[in-house]
There are 2 protein chains.
Amino acid sequence: MRLNISIDKQNPWGGFEEFLKEKGMKITRPREVVVKEALAVRGHFTADDLWARVHKKDRTASKATVYRTLQLLTQSRLIEPRDFEQGKLYYEQMVGHHHHDHLICLECGKITEFENPAIEELQEKVARKYNFTIASHSHKMYGTCVRCRQGKTKEKEREFKIKF
Amino acid sequence: MRLNISIDKQNPWGGFEEFLKEKGMKITRPREVVVKEALAVRGHFTADDLWARVHKKDRTASKATVYRTLQLLTQSRLIEPRDFEQGKLYYEQMVGHHHHDHLICLECGKITEFENPAIEELQEKVARKYNFTIASHSHKMYGTCVRCRQGKTKEKEREFKIKF
DNA sequence: TTGATTATGAGACTCATTCTCATAATTCCA
DNA sequence: TGGAATTATGAGAATGAGTCTCATAATCAA
Ligand SMILES: [Mn+2]
Ligand SMILES: [Mn+2]
Ligand SMILES: [Zn+2]
Ligand SMILES: [Zn+2]
């Protein structure tokens, strides 16, 4: 399913073309628009967010193609899915980014990214203990950000519907 | 929204009755069946799993009531939601259980629970660094369990549809 | 018992995502 | 370069978890 290619950070669309070729798939206009738009987003986005952007560039692009390309982008490792909220998936582009985890403010929707090598190591240790092979992981903390706790938040960035 | 009660582990339904009273809600038959069935499940379950059980006990119980009671059970802390898979929520009862996190085998669906105080502490440290107040967290590792890696798995327990 | 209040079941509805299928674009190669 | 073969596309139907509505029913305090 997943190919073991690594795409050139300087030319991700070119790399994605290679990826398509290796899978015997075709290089098409709609795919190019979706890929380039996805990589142009900074921050986290949903399929619908992406479709809105794509739609501006190409009035005829369909949502189905956006969803289909999102799957390919995930396989090619150019983006990663994020399960911030139940019911819909977010994504973020990984070109030139390292792995990180997230603090999610339930009041204003602000997401803070963190990296913690010590946690990652302990994680591996846990996996080793259970003889488990990690393919991916998700580590999220939900709560309240500084600004919200101090009542300084001007406007919500987003609303995450979390059950508890 | 959430009340600050702690329910007696020896008599959770009794405690839940208290919880309902404090919220000005009524003690009803359907609620009793749903609560008792939910607490009778060991392991992780979905709303639909629970409904199937409830349905056996009371042919007229509706799915809506199962969903509604699941929310109340979450508020009363008798159960906790689990975001193992995108698109549907799982739950697990917390009566007499401590907090733990999960290893999820993508091949057979087996879930291994782990507790790691060192990770929990580092987590708090991260939150402190960003002045973030944690309300809850979710830490999952997806991958392959021992049995599956060694080809010893007899049958899938479940199938989790994860996008990578 | 009764009346005010809250809960219920049934099914309509929502919303993200996937699927289907007729048509269109790409690619391969003679 | 011209098709034929193959894969992709757009449109909208289908799916599935979860929520909502509303007419009716049950609970409970007085
Ligand atoms: Mn991120
Ligand atoms: Mn568990
Ligand atoms: Zn905030
Ligand atoms: Zn397994």
Side-chain angles (χ1 to χ4, degrees), chain A residues 16-35 38 44-52 54-55 57-75 79 81-91 158-164, chain B residues 16-35 38 44-52 54-55 57-75 79 81-91 158-164:
Chain A
F16 191 74
E17 287 182 312
E18 288 310 305
F19 169 80
L20 290 175
K21 275 182 198 156
E22 286 181 38
K23 292 198 62 163
M25 303 181 91
K26 295 176 176 173
I27 293 160
T28 68
R29 201 3 68 97
R31 275 175 183 156
E32 186 179 348
V33 176
V34 174
V35 169
H44 309 93
F45 61 93
T46 63
D48 215 59
D49 295 338
L50 179 54
W51 179 77
V54 168
H55 186 68
K57 300 265 165 168
D58 177 356
R59 229 35 61 155
T60 74
S62 84
K63 245 170 195 171
T65 295
V66 169
Y67 276 100
R68 290 186 282 232
T69 308
L70 243 9
Q71 294 179 353
L72 296 171
L73 280 165
T74 302
Q75 289 171 219
I79 65 174
R82 300 287 179 227
D83 60 343
F84 293 145
E85 179 179 4
Q86 116 84 220
K88 87 178 68 160
L89 259 192
Y90 290 78
Y91 294 88
R158 211 195 290 268
E159 167 117 48
F160 290 110
K161 277 161 203 153
I162 296 297
K163 317 245 180 167
F164 177 58
Chain B
F16 191 74
E17 287 183 311
E18 289 309 305
F19 169 81
L20 291 175
K21 276 181 197 156
E22 286 180 42
K23 293 197 65 166
M25 302 182 92
K26 293 175 178 175
I27 293 160
T28 69
R29 198 86 245 286
R31 274 175 185 158
E32 187 179 349
V33 177
V34 175
V35 169
H44 308 95
F45 61 94
T46 64
D48 217 59
D49 295 338
L50 178 54
W51 179 77
V54 167
H55 186 69
K57 300 267 166 168
D58 177 355
R59 236 19 77 149
T60 74
S62 81
K63 243 168 195 173
T65 296
V66 169
Y67 276 102
R68 289 186 283 233
T69 308
L70 242 11
Q71 294 178 351
L72 296 171
L73 281 164
T74 302
Q75 288 170 220
I79 66 175
R82 300 288 180 227
D83 61 343
F84 293 145
E85 180 179 2
Q86 117 85 219
K88 88 178 70 159
L89 260 190
Y90 290 78
Y91 293 89
R158 212 194 289 270
E159 166 118 49
F160 289 110
K161 276 161 205 154
I162 296 297
K163 317 241 179 169
F164 181 53

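Just so we're on the same page: letters track the sequence lines, and every chain starts at 1.
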Original post:
When you match B:R68 and B:K26 each to their closest nucleotide on DNA chain D, which lands nearer the 5' end?
Top reply: B:R68
Subject >> Most 5' of A:D58 and A:Q86 on DNA chain D, judged by nearest nucleotide >> reply: A:D58
If the cut-off is 4.0 Å, is [X] near the phosphate of [N], judged by side-chain N/O to OP1 or OP2?
| X | N | answer |
| --- | --- | --- |
| B:T28 | C:dA7 | no |
| B:K161 | C:dA16 | no |
| B:Y67 | D:dT19 | no |
| A:Q71 | C:dT18 | yes |
| A:S62 | D:dA11 | no |
| A:K63 | C:dC19 | no |
| B:R31 | C:dA7 | yes |

Original post:
Taking the side chain of A:K163 as heavy atoms from C-beta outward, which of D:dG10, C:dG9, D:dT19 is closest to it?
Top reply: D:dT19
Original post:
Among C:dT27, D:dC28, D:dT7, which is the nearest nucleotide to the side chain of A:M25?
Top reply: D:dT7
**OP:** Would you mind classifying the nucleic acid contact of A:T46 as base, sugar-phosphate or nothing, using non-hydrogen atoms under 4.0 angstrom?
**Re:** nothing
Original post:
How is A:K21 classified with respect to the nucleic acid when contacts are heavy atoms under 4.0 Å: base, sugar-phosphate, or nothing?
Top reply: nothing
[X] has an atom [atom1]; how far is it from atom [atom2] of [N], in whole Å?
| X | N | atom1 | atom2 | result |
| --- | --- | --- | --- | --- |
| A:D83 | D:dA17 | CG | P | 18 Å |
| A:D49 | C:dT17 | CG | P | 10 Å |
| B:K88 | D:dT15 | NZ | C1' | 12 Å |
| B:L72 | C:dT6 | CG | P | 14 Å |
| A:L70 | D:dT9 | CG | P | 13 Å |
| B:I27 | C:dT5 | CD1 | C1' | 15 Å |
| B:W51 | D:dA17 | CH2 | C1' | 14 Å |
| B:F84 | D:dA17 | CZ | P | 17 Å |

Original post:
So do the side chains of B:F19 and B:V35 get within less than 4.5 Å of each other, counting heavy atoms only?
Top reply: no
Subject >> Contact check, side chains of B:E17 and B:E32, non-hydrogen atoms, under 4.5 Å >> reply: no
Original post:
Do A:R31 side-chain atoms and A:K26 backbone N/O form a donor-acceptor pair below 3.5 Å?
Top reply: yes
Original post:
Any sub-3.5 Å donor-acceptor pair from B:T65's side-chain atoms to B:A61's backbone N or O?
Top reply: no
Original post:
Can A:D48 and A:T46 be counted as having a side-chain donor-acceptor contact under 3.5 angstrom?
Top reply: no
**OP:** Only one of A:E85, A:R82, A:H44 passes side chain to side chain donor-acceptor pair (under 3.5 Å) with A:Y90; say which it is.
**Re:** A:E85
Original post:
In terms of the nearest nucleotide of DNA chain C, which residue is placed more toward the 5' end: B:R59 or B:G24?
Top reply: B:G24
